[in-house]
Amino acid sequence: AGLRRSGKSLTGELLKVIAAAHEPLADTLELHQAELQLSLRPWPAPDAPNYPDPLRLDTWREAKPYYAAEEACWPQRPSPEAVRVNVLRLGEAAIRTCPAELFVEFGLALRERSRARVDLLAELTDGYVGYVPTALAFSRGGYETWPAYSSRLEAAAGEAIVEAWAGV
């Protein structure tokens, strides 16, 4: 039910964008797909900004067992991980999908490189790889950069996804 609701919502938004176009969109239909092999990032050192606070500090005690378990199983996680990205071109519009929660800077970088007049980005599709922070975010730390199932890919993952979409 949730997938149907999301699909209807995405379709409705796409139709609004197309209807608001001042010039007709070209009548092409193309599907571009890529499967990226992205590595799991190494578990950070305890003094690194993206080391989980629950393991370093005496705060958020209920999260400590979760991150301790993540650290213990980290070496067994599969690496590299297959990450599927897609672009559906409908004339001059593009619907781009990926299984990640990208930081906004990657969407802005995509906008600069895109050939499409209209771009729609659908995240958390075709799998799940969690948060994909920027290199700057990793240097500053924070929940989204802590290693866990919800944030596991290498720091270059966002740039690799944008590059796979570039020029389409």
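When reading the values below, keep in mind they use all heavy atoms of this one structure, side chains included, and skip hydrogens, waters and symmetry mates.
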Non-hydrogen side-chain atoms of Pro147 and Trp74 separated by less than 4.5 Å: yes
Any residue meeting salt bridge (Lys or Arg N to Asp or Glu O under 4.0 Å) with Glu70, in chain and number order, not counting sequence neighbours: Arg77
Pair listing, side chain to side chain donor-acceptor pair (under 3.5 Å) test, anchored in residues 159-168, at least two apart: Arg113-Glu163
Ile95 CD1 to Glu13 CD distance, which is reported to the nearest 0.5 Å: 11.5 Å
Residues forming a side-chain hydrogen bond (donor to acceptor under 3.5 Å, both in side chains) with Glu154, sequence neighbours excluded: none
Heavy-atom closest pair, residues Pro44 and Tyr51: O-CD1, 3.4 Å
Members besides Leu136 in its Ile/Leu/Val/Met/Phe/Trp/Tyr cluster (side-chain heavy atoms under 4.5 Å): none
Salt bridge (Lys or Arg N to Asp or Glu O under 4.0 Å) against Arg4, all qualifying residues, sequence neighbours excluded: none
Residues in side chain to side chain contact (heavy atoms under 4.5 Å, CB included) contact with Asp53, at least two apart in sequence or another chain: Arg56, Leu57, Trp146
N-O pairing of Arg152 and Glu81 below 4.0 Å: yes
Residues which pass side chain to side chain contact (heavy atoms under 4.5 Å, CB included) with Ala82, listed by chain and number, not counting sequence neighbours: Glu35, Gln37
Test salt bridge (Lys or Arg N to Asp or Glu O under 4.0 Å) applied to Arg89 - qualifying residues, sequence neighbours left out: none
Check: Ser9 side chain, Arg5 main-chain N or O, donor-acceptor pair, under 3.5 Å: no
Min side-chain heavy-atom separation Ile161-Leu36 under 4.5 Å: yes
For the student: nearest non-hydrogen atoms of Ser139 and Pro49, plus distance: O-CG, 3.2 Å
Steps toward side-chain contact (heavy atoms from CB on, under 4.5 Å) verdict (Leu102, Leu110): CA-CA 11 Å; Leu102 297 172; Leu110 171 64; over 6 Å; no
From SG (Cys98) to CG (Leu121), nearest 0.5 Å: 5.5 Å
Ring pair (Phe, Tyr, Trp, His ring centres under 6.0 Å) contacts touching residues 87-117 (sequence neighbours left out): none
Residue pairs involving residues 93-112 (criterion side chain to side chain donor-acceptor pair (under 3.5 Å); sequence neighbours excluded): Asn86-Thr97, Arg96-Ser114, Arg96-Asp119
From CA spacing to verdict: side-chain contact (heavy atoms from CB on, under 4.5 Å), Leu40, Leu153: CA-CA 5 Å; Leu40 182 75; Leu153 296 179; 5.9 Å; no
Closest non-hydrogen atom pair between Glu71 and Leu55, with its separation: OE1-CD1, 3.7 Å
Single-linkage hydrophobic cluster, 4.5 Å side-chain cutoff, Val168 and Val85 together: yes
Linked, directly or transitively: Trp43 and Tyr149 (ILVMFWY side chains, under 4.5 Å): yes
Spacing of Tyr143 atom OH and Ser150 atom OG [to the nearest 0.5 Å]: 4.0 Å
Spacing of Thr11 atom OG1 and Leu120 atom CG [to the nearest 0.5 Å]: 10.0 Å
Pairwise side-chain contact, Pro99 with Tyr128, heavy-atom cut-off 4.5 Å (strictly under): no
Counterpart residues, side chain to side chain contact (heavy atoms under 4.5 Å, CB included), relative to Ala135 (two or more places apart): none
Nearest-0.5 Å distance that lies between atom CG in Asn50 and atom CD in Glu144: 12.0 Å
Listed partners of Ser151 passing side chain to side chain contact (heavy atoms under 4.5 Å, CB included), at least two apart: Arg41, Tyr131, Pro133
Straight-line distance of Lys64 NZ to Thr59 OG1, nearest 0.5 Å: 9.5 Å
